Amino acid sequence: MVANEEQLKSELILDELKRRERSKEVVDVEEERVKVVIFICGEKRYAFYGTDIREILPTCEISWVPCLPEHLPGLINVRGDIESVIDIRHFLRETKSDHGKCLIAMAVRGDFHSGVMIDSIEDVVDIPRSTISPPLATLSGDARDLVVGEFEYGGETISLLDVGKLAALITL
Amino acid sequence: MTVSGEIYPAPQDGTDDAAELLSAQKEQKKRNTLNLLIFSVAGVFFGIDADQVAEISAYQGEKGEDLFWFHEEMGYGEKAVRYSSPAIATIRNGGVAPYRVIIDSMEDIAEFKHKDIRLFPTLLEPYLLRRGIWGILPRNGNMILLLDFKRLYLERGGGNILI
(Lines give C-alpha, C1' and ligand atoms only; values in the text may rest on other atoms or scores of the structure.)
Protein backbone atom coordinates (compact mmCIF):
# COMPACT_ATOMS: atom_id res chain seq x y z
CA MET A 1 0.00 0.00 0.00
CA VAL A 2 2.78 2.35 0.96
CA ALA A 3 4.58 1.58 -2.26
CA ASN A 4 1.38 2.16 -4.18
CA GLU A 5 0.74 5.40 -2.35
CA GLU A 6 4.30 6.61 -3.09
CA GLN A 7 3.88 5.56 -6.70
CA LEU A 8 0.64 7.35 -6.90
CA LYS A 9 2.19 10.45 -5.42
CA SER A 10 4.94 10.42 -8.01
CA GLU A 11 2.35 9.79 -10.66
CA LEU A 12 0.43 12.74 -9.43
CA ILE A 13 3.48 14.93 -9.53
CA LEU A 14 4.35 13.70 -13.00
CA ASP A 15 0.82 14.24 -14.17
CA GLU A 16 0.84 17.72 -12.75
CA LEU A 17 4.15 18.53 -14.42
CA LYS A 18 2.97 17.16 -17.75
CA ARG A 19 -0.29 19.04 -17.47
CA ARG A 20 1.61 22.26 -16.84
CA GLU A 21 3.88 21.55 -19.78
CA ARG A 22 0.93 20.92 -22.06
CA SER A 23 -0.83 24.06 -20.95
CA LYS A 24 2.37 26.03 -21.55
CA GLU A 25 2.55 24.62 -25.06
CA VAL A 26 -1.03 25.59 -25.64
CA VAL A 27 -0.28 29.09 -24.38
CA ASP A 28 2.80 29.28 -26.60
CA VAL A 29 0.82 28.26 -29.65
CA GLU A 30 -2.09 30.54 -28.99
CA GLU A 31 -0.26 33.69 -27.92
CA GLU A 32 0.07 36.11 -30.78
CA ARG A 33 3.59 37.27 -31.41
CA VAL A 34 4.72 40.31 -33.31
CA LYS A 35 8.04 41.03 -34.94
CA VAL A 36 9.71 44.24 -33.86
CA VAL A 37 12.80 46.00 -35.17
CA ILE A 38 14.71 47.48 -32.24
CA PHE A 39 16.99 50.38 -33.05
CA ILE A 40 19.03 53.05 -31.36
CA CYS A 41 18.25 56.68 -31.98
CA GLY A 42 20.16 59.26 -30.00
CA GLU A 43 20.41 58.11 -26.41
CA LYS A 44 17.60 55.55 -26.37
CA ARG A 45 16.31 52.37 -27.92
CA TYR A 46 13.06 52.37 -29.85
CA ALA A 47 11.23 49.88 -32.04
CA PHE A 48 9.02 49.71 -35.09
CA TYR A 49 6.70 46.85 -36.00
CA GLY A 50 8.68 44.55 -38.30
CA THR A 51 5.84 44.57 -40.83
CA ASP A 52 6.36 48.32 -41.33
CA ILE A 53 10.07 48.11 -42.12
CA ARG A 54 10.91 46.93 -45.64
CA GLU A 55 14.68 47.07 -45.34
CA ILE A 56 17.58 48.76 -43.61
CA LEU A 57 19.88 50.70 -45.90
CA PRO A 58 23.51 51.33 -45.08
CA THR A 59 24.82 54.86 -44.85
CA CYS A 60 23.99 56.67 -48.05
CA GLU A 61 24.15 60.20 -49.34
CA ILE A 62 21.10 62.31 -48.62
CA SER A 63 20.48 64.99 -51.23
CA TRP A 64 19.35 68.15 -49.51
CA VAL A 65 16.38 69.98 -51.00
CA PRO A 66 15.84 73.66 -50.21
CA CYS A 67 12.70 74.86 -48.49
CA LEU A 68 11.96 71.54 -46.78
CA PRO A 69 11.51 71.59 -42.99
CA GLU A 70 14.31 70.42 -40.70
CA HIS A 71 12.75 67.00 -40.09
CA LEU A 72 12.92 66.22 -43.83
CA PRO A 73 16.65 66.27 -44.60
CA GLY A 74 16.21 65.36 -48.27
CA LEU A 75 16.13 62.55 -50.77
CA ILE A 76 17.88 59.24 -51.33
CA ASN A 77 18.19 57.12 -54.43
CA VAL A 78 17.25 53.51 -53.65
CA ARG A 79 18.16 51.41 -56.66
CA GLY A 80 16.73 54.07 -58.97
CA ASP A 81 13.70 54.95 -56.85
CA ILE A 82 13.74 58.38 -55.25
CA GLU A 83 12.62 58.26 -51.62
CA SER A 84 12.13 60.90 -48.97
CA VAL A 85 13.98 60.75 -45.66
CA ILE A 86 12.56 61.64 -42.25
CA ASP A 87 14.78 62.64 -39.36
CA ILE A 88 12.80 61.06 -36.55
CA ARG A 89 15.15 62.50 -33.93
CA HIS A 90 13.37 65.79 -34.41
CA PHE A 91 10.15 64.28 -33.03
CA LEU A 92 11.83 62.20 -30.33
CA ARG A 93 13.86 65.19 -29.12
CA GLU A 94 17.02 63.11 -29.43
CA THR A 95 20.52 64.44 -30.02
CA LYS A 96 21.39 64.72 -33.68
CA SER A 97 24.48 62.93 -34.91
CA ASP A 98 26.22 63.17 -38.25
CA HIS A 99 23.94 62.33 -41.19
CA GLY A 100 26.79 60.37 -42.74
CA LYS A 101 26.84 57.89 -39.86
CA CYS A 102 23.13 57.12 -39.92
CA LEU A 103 21.31 54.11 -41.27
CA ILE A 104 18.04 54.46 -43.14
CA ALA A 105 15.10 52.24 -42.22
CA MET A 106 12.68 52.08 -45.16
CA ALA A 107 9.25 52.40 -43.57
CA VAL A 108 6.19 51.36 -45.57
CA ARG A 109 2.55 51.40 -44.50
CA GLY A 110 -0.17 51.57 -47.13
CA ASP A 111 0.52 54.51 -49.44
CA PHE A 112 3.12 55.94 -47.08
CA HIS A 113 6.74 55.07 -47.72
CA SER A 114 9.82 56.91 -46.60
CA GLY A 115 13.29 56.40 -45.24
CA VAL A 116 13.68 57.03 -41.51
CA MET A 117 17.08 58.02 -40.13
CA ILE A 118 18.26 55.84 -37.25
CA ASP A 119 21.64 55.52 -35.57
CA SER A 120 21.98 51.73 -35.54
CA ILE A 121 20.02 48.49 -35.46
CA GLU A 122 19.94 46.63 -32.17
CA ASP A 123 17.88 43.51 -32.91
CA VAL A 124 14.92 42.04 -34.75
CA VAL A 125 12.84 39.87 -32.40
CA ASP A 126 9.43 38.24 -32.05
CA ILE A 127 7.68 39.23 -28.85
CA PRO A 128 4.29 38.17 -27.44
CA ARG A 129 1.77 40.88 -28.17
CA SER A 130 0.60 40.64 -24.55
CA THR A 131 3.98 41.97 -23.35
CA ILE A 132 3.33 45.29 -25.08
CA SER A 133 1.85 47.67 -22.55
CA PRO A 134 0.17 51.01 -23.23
CA PRO A 135 2.51 53.98 -23.42
CA LEU A 136 3.22 56.02 -20.32
CA ALA A 137 0.82 58.85 -19.81
CA THR A 138 3.80 61.01 -18.82
CA LEU A 139 5.16 61.07 -22.38
CA SER A 140 4.98 64.53 -23.82
CA GLY A 141 5.17 66.35 -27.10
CA ASP A 142 5.52 64.68 -30.46
CA ALA A 143 6.93 61.48 -28.89
CA ARG A 144 3.52 60.88 -27.31
CA ASP A 145 1.99 61.03 -30.77
CA LEU A 146 4.40 58.41 -32.10
CA VAL A 147 4.48 55.80 -29.32
CA VAL A 148 1.84 53.05 -29.39
CA GLY A 149 3.23 50.92 -26.60
CA GLU A 150 6.17 49.79 -24.53
CA PHE A 151 7.85 46.47 -23.85
CA GLU A 152 10.79 45.14 -21.89
CA TYR A 153 13.91 44.10 -23.72
CA GLY A 154 17.29 43.39 -22.14
CA GLY A 155 16.20 44.98 -18.89
CA GLU A 156 15.22 48.19 -20.63
CA THR A 157 11.86 49.65 -21.53
CA ILE A 158 11.57 50.11 -25.30
CA SER A 159 9.09 52.54 -26.84
CA LEU A 160 7.27 51.02 -29.78
CA LEU A 161 6.72 53.64 -32.50
CA ASP A 162 3.94 53.58 -35.05
CA VAL A 163 4.74 54.30 -38.70
CA GLY A 164 1.14 55.36 -39.35
CA LYS A 165 1.39 57.99 -36.64
CA LEU A 166 4.71 59.14 -38.05
CA ALA A 167 3.08 59.58 -41.45
CA ALA A 168 0.34 61.66 -39.83
CA LEU A 169 2.93 63.93 -38.20
CA ILE A 170 4.57 64.75 -41.53
CA THR A 171 2.10 67.38 -42.58
CA LEU A 172 3.41 69.66 -45.26
CA MET B 1 10.30 52.29 -89.15
CA THR B 2 11.26 52.54 -85.52
CA VAL B 3 13.29 55.41 -84.13
CA SER B 4 14.12 55.56 -80.41
CA GLY B 5 11.24 53.26 -79.58
CA GLU B 6 8.67 55.38 -81.42
CA ILE B 7 6.77 54.07 -84.47
CA TYR B 8 6.32 56.38 -87.43
CA PRO B 9 3.76 55.65 -90.15
CA ALA B 10 4.98 55.25 -93.71
CA PRO B 11 4.16 58.18 -96.02
CA GLN B 12 0.59 57.88 -97.44
CA ASP B 13 1.60 58.14 -101.08
CA GLY B 14 4.09 55.31 -100.74
CA THR B 15 7.08 57.49 -101.62
CA ASP B 16 10.05 57.71 -99.34
CA ASP B 17 9.55 61.28 -98.31
CA ALA B 18 12.72 61.72 -96.24
CA ALA B 19 12.05 65.36 -95.42
CA GLU B 20 8.60 64.61 -94.05
CA LEU B 21 9.91 61.71 -91.99
CA LEU B 22 12.75 63.82 -90.64
CA SER B 23 10.30 66.53 -89.70
CA ALA B 24 8.06 64.01 -87.92
CA GLN B 25 11.03 62.63 -86.06
CA LYS B 26 12.10 66.09 -84.94
CA GLU B 27 8.59 66.90 -83.80
CA GLN B 28 8.36 63.62 -81.91
CA LYS B 29 11.74 64.21 -80.29
CA LYS B 30 10.74 67.73 -79.29
CA ARG B 31 7.59 66.37 -77.65
CA ASN B 32 9.57 63.79 -75.66
CA THR B 33 12.51 65.90 -74.57
CA LEU B 34 13.19 68.95 -72.47
CA ASN B 35 16.01 71.38 -72.99
CA LEU B 36 17.37 72.19 -69.57
CA LEU B 37 19.70 74.85 -68.26
CA ILE B 38 21.66 73.15 -65.48
CA PHE B 39 23.26 75.14 -62.68
CA SER B 40 24.08 74.69 -59.03
CA VAL B 41 23.80 76.90 -55.99
CA ALA B 42 25.62 75.83 -52.81
CA GLY B 43 26.11 72.33 -54.15
CA VAL B 44 22.46 71.74 -55.06
CA PHE B 45 21.83 71.15 -58.76
CA PHE B 46 18.83 72.66 -60.54
CA GLY B 47 17.46 72.39 -64.03
CA ILE B 48 15.13 74.93 -65.61
CA ASP B 49 13.44 74.77 -68.97
CA ALA B 50 15.75 76.71 -71.27
CA ASP B 51 12.67 78.12 -73.02
CA GLN B 52 11.85 80.04 -69.83
CA VAL B 53 15.19 81.82 -69.94
CA ALA B 54 15.28 84.90 -72.11
CA GLU B 55 18.87 85.87 -71.40
CA ILE B 56 21.93 84.98 -69.32
CA SER B 57 24.44 87.65 -68.40
CA ALA B 58 27.32 87.94 -65.96
CA TYR B 59 26.47 89.42 -62.57
CA GLN B 60 28.53 92.53 -61.94
CA GLY B 61 27.19 93.70 -58.61
CA GLU B 62 24.08 95.41 -59.91
CA LYS B 63 20.96 95.78 -57.80
CA GLY B 64 17.31 96.18 -58.67
CA GLU B 65 13.80 95.54 -57.45
CA ASP B 66 13.34 92.90 -60.11
CA LEU B 67 16.63 91.15 -59.25
CA PHE B 68 16.64 88.28 -56.74
CA TRP B 69 19.27 85.97 -55.30
CA PHE B 70 18.33 82.40 -56.08
CA HIS B 71 18.97 81.06 -52.56
CA GLU B 72 16.71 83.70 -51.03
CA GLU B 73 14.05 82.92 -53.59
CA MET B 74 14.18 79.18 -52.87
CA GLY B 75 14.38 79.21 -49.08
CA TYR B 76 17.87 77.95 -48.32
CA GLY B 77 17.33 78.94 -44.70
CA GLU B 78 20.45 78.96 -42.59
CA LYS B 79 22.54 77.00 -45.09
CA ALA B 80 25.76 78.84 -45.90
CA VAL B 81 25.64 80.01 -49.52
CA ARG B 82 28.55 81.39 -51.49
CA TYR B 83 28.32 82.17 -55.19
CA SER B 84 31.49 81.35 -57.15
CA SER B 85 30.47 82.49 -60.63
CA PRO B 86 27.16 84.33 -60.36
CA ALA B 87 25.12 85.04 -63.46
CA ILE B 88 21.79 86.76 -64.02
CA ALA B 89 19.10 84.66 -65.63
CA THR B 90 16.30 86.75 -67.06
CA ILE B 91 13.15 84.66 -66.83
CA ARG B 92 10.31 84.95 -69.35
CA ASN B 93 7.19 85.45 -67.37
CA GLY B 94 4.28 84.69 -69.65
CA GLY B 95 3.60 88.15 -70.98
CA VAL B 96 4.20 89.91 -67.67
CA ALA B 97 7.43 91.86 -67.27
CA PRO B 98 10.35 89.40 -66.99
CA TYR B 99 12.18 89.14 -63.70
CA ARG B 100 15.81 88.37 -63.04
CA VAL B 101 17.37 85.78 -60.75
CA ILE B 102 21.02 85.52 -59.77
CA ILE B 103 22.11 81.89 -60.20
CA ASP B 104 25.52 80.28 -59.87
CA SER B 105 27.85 77.77 -61.50
CA MET B 106 26.13 77.21 -64.82
CA GLU B 107 27.00 73.67 -65.88
CA ASP B 108 25.29 72.89 -69.11
CA ILE B 109 22.39 73.38 -71.46
CA ALA B 110 21.36 69.94 -72.60
CA GLU B 111 18.43 67.91 -73.86
CA PHE B 112 16.89 65.30 -71.57
CA LYS B 113 14.24 62.69 -72.26
CA HIS B 114 10.97 62.97 -70.37
CA LYS B 115 11.21 59.31 -69.41
CA ASP B 116 14.39 59.99 -67.42
CA ILE B 117 12.59 62.45 -65.16
CA ARG B 118 11.52 60.99 -61.81
CA LEU B 119 8.59 62.06 -59.70
CA PHE B 120 9.04 63.27 -56.15
CA PRO B 121 7.96 60.91 -53.37
CA THR B 122 4.28 61.52 -52.64
CA LEU B 123 5.19 62.73 -49.16
CA LEU B 124 7.07 65.72 -50.58
CA GLU B 125 5.49 66.41 -53.95
CA PRO B 126 2.60 68.69 -52.92
CA TYR B 127 4.91 70.82 -50.82
CA LEU B 128 7.63 71.14 -53.45
CA LEU B 129 5.17 71.83 -56.27
CA ARG B 130 4.03 74.88 -54.34
CA ARG B 131 7.63 76.05 -54.53
CA GLY B 132 7.98 75.40 -58.22
CA ILE B 133 10.09 72.21 -57.88
CA TRP B 134 8.34 69.56 -59.92
CA GLY B 135 10.69 66.68 -60.71
CA ILE B 136 14.08 65.04 -60.33
CA LEU B 137 16.65 64.09 -62.90
CA PRO B 138 19.30 61.68 -61.63
CA ARG B 139 22.56 62.42 -63.41
CA ASN B 140 26.15 61.36 -62.71
CA GLY B 141 25.27 60.39 -59.15
CA ASN B 142 23.60 63.74 -58.46
CA MET B 143 19.96 64.67 -58.29
CA ILE B 144 19.02 67.63 -60.44
CA LEU B 145 15.92 69.36 -59.06
CA LEU B 146 13.69 70.57 -61.88
CA LEU B 147 12.35 74.04 -61.28
CA ASP B 148 9.54 75.78 -63.10
CA PHE B 149 9.78 79.53 -62.52
CA LYS B 150 6.41 80.06 -64.14
CA ARG B 151 4.78 77.64 -61.67
CA LEU B 152 6.57 79.32 -58.80
CA TYR B 153 5.32 82.68 -59.98
CA LEU B 154 1.74 81.45 -60.28
CA GLU B 155 1.81 79.63 -56.93
CA ARG B 156 2.77 82.87 -55.28
CA GLY B 157 -0.14 84.72 -56.73
CA GLY B 158 1.43 85.87 -59.95
CA GLY B 159 2.13 89.36 -58.70
CA ASN B 160 5.15 89.29 -56.50
CA ILE B 161 7.59 86.41 -56.72
CA LEU B 162 9.14 87.04 -53.34
CA ILE B 163 7.97 84.89 -50.41
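All values derive from a computational prediction rather than experimental measurement. So that the names make sense, note that chain A is the first sequence line, chain B the second, and so on, each numbered from 1.
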Would you check if [X] and [Y] make a side-chain contact, meaning some heavy-atom pair closer than 4.5 Å?
| X | Y | value |
| --- | --- | --- |
| B:I136 | A:N77 | no |
| B:L145 | A:V65 | yes |
| A:L75 | B:F120 | yes |
| A:P66 | B:F70 | no |
| A:L68 | B:L124 | yes |

**Q.** Toward chain B, the part of A:S84 with a non-hydrogen atom under 4.5 Å
**A.** both

Q | Contacting region of A:I86 [heavy-atom separation from chain B under 4.5 Å] | A | side chain

Q) Going through the checks in order, is the side-chain contact (heavy atoms from CB on, under 4.5 Å) test met by A:C67 and B:L128? A) CA-CA 8 Å; A:C67 71; B:L128 291 170; 4.0 Å; yes

Q.
Checking an interface table here. Which of residues 55-64 of chain B come within a heavy-atom distance under 4.5 Å of chain A?
A. none

Q. What residues form a ring pair (Phe, Tyr, Trp, His ring centres under 6.0 Å) with A:Y46, not counting sequence neighbours?
A. none

**Q.** Same apolar cluster (I L V M F W Y, side chains within < 4.5 Å links), A:I38/A:V163
**A.** no

Q: Group every Ile, Leu, Val, Met, Phe, Trp and Tyr by side-chain heavy-atom contacts under 4.5 Å, then state whether B:V44 and B:W69 land in the same group.
A: yes

